[in-house]
S.K.: 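Can you keep this structure in mind? I'll have questions shortly.
Nothing fancy with the numbering, it's 1 onward along the sequence.
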Amino acid sequence: MSRTLLVAALLAAGAASAAISPAAFNKVAPPPGLYRIDSDGTLRMPDADATFRQKEDGASGDVSVSATQQGQGYQRDFKGAGAQTYCLPPRSGKAAILPPDMGAAACKNISESVTDTTLVTESQCSIGKVKVTIRKLGNDTWEVLHEGDMKTSPGGADMNAMRPMLENMARNAPTAEQRAQAKQMLADLPKQQAAMQAALAETKAALIKEQASATSAEEKGAIAKQLQAMEQGGPRMQTRGRTLWTRIGNSCAAPAR
């Protein structure tokens with residue numbers, strides 16, 4: 001699922017208990033209505049000297065994807081199928097602004113602040129720290145920034161960290177299709193976790209076997225570093241995403257102006 005969909009679903013969720021009042025939250029957050037979404041997201045892996053970026057034009061749906069690693073890079077452009085829109089349904093009280101890849105049970109809120117135009121939350125999650133900023137730019141325009149600094153735990157990622165978020169999506173996603181998709185992802189979690197752990201064990205066993213048959217100290221040392229990295233956790237990932245929400249309708253069927 002896309003970051004836009006997850007943020008939108010969380011904006012549409014029910015009331016949450018936190019420091020910011022519902023009135024202060026709703027003064028900044030986008031109100032229910034139809035929105036055009038422009039997005040620009042970057043994933044950086046410092047350990048591998050790699051950066052991936054994806055931009056999507058909300059008016060046309062055109063997508064541009066680029067990647068660079070150790071000085072080498074490529075870019076591909078894809079023609080869109082039309083405007084990228086999202087209908088934000090009515091919500092009750094204050095929505096929960098959670099990290100897009102986690103639910104409340106997987107993250108602890110560190111701080112929450114609000115001004116007349118900006119809402120900022122920071123959370124510490126099982127795989128790292130996540131910051132979400134919502135900024136009201138004008139009467140019909142909002143900016144949502146998502147910043148994360150993450151690293152998977154030793155032994156591979158725990159797919160169950162996604163369970164609270166998926167359970168929330170299964171109950172509260174705006175459409176029946178999205179709720180069904182979340183339910184299917186919930187049902188598939190054990191299978192995905194088992195497959196991930198099996199692949200990790202297979203990779204580790206292959207490295208140990210390769211290390212035993214290595215003929216040089218240099219080769220043995222390189223394999224030892226790979227095994228150590230697996231025990232310490234996955235690569236560090238820094239994410240930054242920006243979505244621009246432009247309100248184009250007071251409801252999904254009616255124009256705003």
Side-chain angles (χ1 to χ4, degrees), residues 1-42 55-59 83-125 128-149 164-165 168-169 171-175 178 239-252 254-257:
M1 282 178 286
S2 69
R3 181 181 292 113
T4 296
L5 171 59
L6 290 166
V7 172
L10 293 168
L11 280 169
S17 58
I20 299 175
S21 70
F25 174 89
N26 288 318
K27 186 176 181 180
V28 177
L34 183 65
Y35 291 83
R36 184 179 70 244
I37 308 293
D38 297 271
S39 63
D40 185 353
T42 301
K55 298 174 65 176
E56 185 168 20
D57 179 70
Q84 298 301 297
T85 60
Y86 187 84
C87 179
L88 188 60
R91 58 177 174 262
S92 175
K94 169 190 167 186
I97 299 298
L98 302 176
D101 301 321
M102 295 290 175
C107 298
K108 179 181 179 181
N109 183 269
I110 299 175
S111 67
E112 199 173 50
S113 63
V114 67
T115 68
D116 286 344
T117 60
T118 305
L119 168 67
V120 181
T121 70
E122 290 189 71
S123 300
Q124 183 64 52
C125 304
K129 187 179 292 185
V130 179
K131 179 180 179 181
V132 176
T133 303
I134 298 177
R135 185 175 292 115
K136 186 175 182 179
L137 303 180
N139 290 334
D140 298 311
T141 311
W142 287 259
E143 176 187 65
V144 179
L145 300 177
H146 169 268
E147 301 168 84
D149 195 340
M165 180 274 293
N168 180 52
M169 290 284 289
R171 292 190 301 269
N172 301 312
T175 69
Q178 291 164 7
T239 63
R240 179 176 174 84
R242 178 183 186 267
T243 54
L244 188 67
W245 292 49
T246 303
R247 195 164 190 256
I248 58 175
N250 294 323
S251 70
C252 292
R257 291 178 290 276

S.K.: Please determine which of L244, T141, T246, D140 meets the side chain to side chain contact (heavy atoms under 4.5 Å, CB included) test together with R36.
M.R.: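 Only one of L244, T141, T246, D140 forms a side chain to side chain contact (heavy atoms under 4.5 Å, CB included) with R36, namely T246.
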S.K.: My understanding is that only residues two or more places apart in sequence, or in another chain, count here; which of them pass side-chain hydrogen bond (donor to acceptor under 3.5 Å, both in side chains) with D116?
M.R.: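 If we apply the side-chain hydrogen bond (donor to acceptor under 3.5 Å, both in side chains) test to D116, skipping adjacent residues, the hits are K27.
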S.K.: Can you list everything that forms a side-chain hydrogen bond (donor to acceptor under 3.5 Å, both in side chains) with D57? Sequence neighbours excluded, please.
M.R.: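 Partners of D57 under the side-chain hydrogen bond (donor to acceptor under 3.5 Å, both in side chains) test: S60.
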S.K.: Can you see which heavy atom on S39 is nearest to which on T243, and at what distance?
M.R.: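 Answer, listing the atom of S39 first, then T243: CB-CG2, 3.8 Å.
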S.K.: Just jot down the salt bridge (charged side-chain N to carboxylate O under 4.0 Å, His left out) partners of K55, sequence neighbours excluded, or say none.
M.R.: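 None.
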S.K.: May I ask you to test the P30-K136 pair for a side-chain heavy-atom distance under 4.5 Å?
M.R.: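 A side-chain contact under 4.5 Å is absent here.
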S.K.: Using the test side-chain contact (heavy atoms from CB on, under 4.5 Å), find all partners of A24 that sit at least two apart in sequence or belong to another chain.
M.R.: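 Partners of A24 under the side-chain contact (heavy atoms from CB on, under 4.5 Å) test: I20, S21, V114.
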S.K.: I would like to know whether I248 and T85 meet side chain to side chain contact (heavy atoms under 4.5 Å, CB included); could you show each step before the answer?
M.R.: CA-CA 9 Å; I248 58 175; T85 60; 4.0 Å; yes
S.K.: Could you walk me through whether V144 and W245 satisfy the side chain to side chain contact (heavy atoms under 4.5 Å, CB included) test, starting with their C-alpha distance in whole Å, then the side-chain angles of each, then the deciding distance to 0.1 Å, before giving a yes or no?
M.R.: CA-CA 8 Å; V144 179; W245 292 49; 3.7 Å; yes
S.K.: L88 versus Y35: any side-chain heavy-atom pair under 4.5 Å?
M.R.: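 Yes; the side chains approach each other to less than 4.5 Å.
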S.K.: Going by side-chain contact (heavy atoms from CB on, under 4.5 Å), name the residues that satisfy it together with L145, two or more places apart in sequence or in a different chain.
M.R.: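 By the side-chain contact (heavy atoms from CB on, under 4.5 Å) rule, L145 matches T133, R135, E143, R240, R242.
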S.K.: Quick one: are H146 and T239 in side-chain contact, heavy atoms under 4.5 Å?
M.R.: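 Yes. Closest side-chain heavy atoms under 4.5 Å.
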S.K.: Among all residues two or more places apart in sequence or in another chain, which pass the side-chain contact (heavy atoms from CB on, under 4.5 Å) test with Q84?
M.R.: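 Result, side-chain contact (heavy atoms from CB on, under 4.5 Å) vs Q84: E56.
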S.K.: Going by heavy atoms in the side chains, are E112 and V120 under 4.5 Å from each other?
M.R.: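 SC-SC contact between E112 and V120 ruled out.
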S.K.: When you measure from the side chain of R247 to the backbone of W142, do you find a donor-acceptor pair of N or O atoms at a distance under 3.5 Å?
M.R.: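 Such a contact is absent between R247 side chain and W142 backbone.
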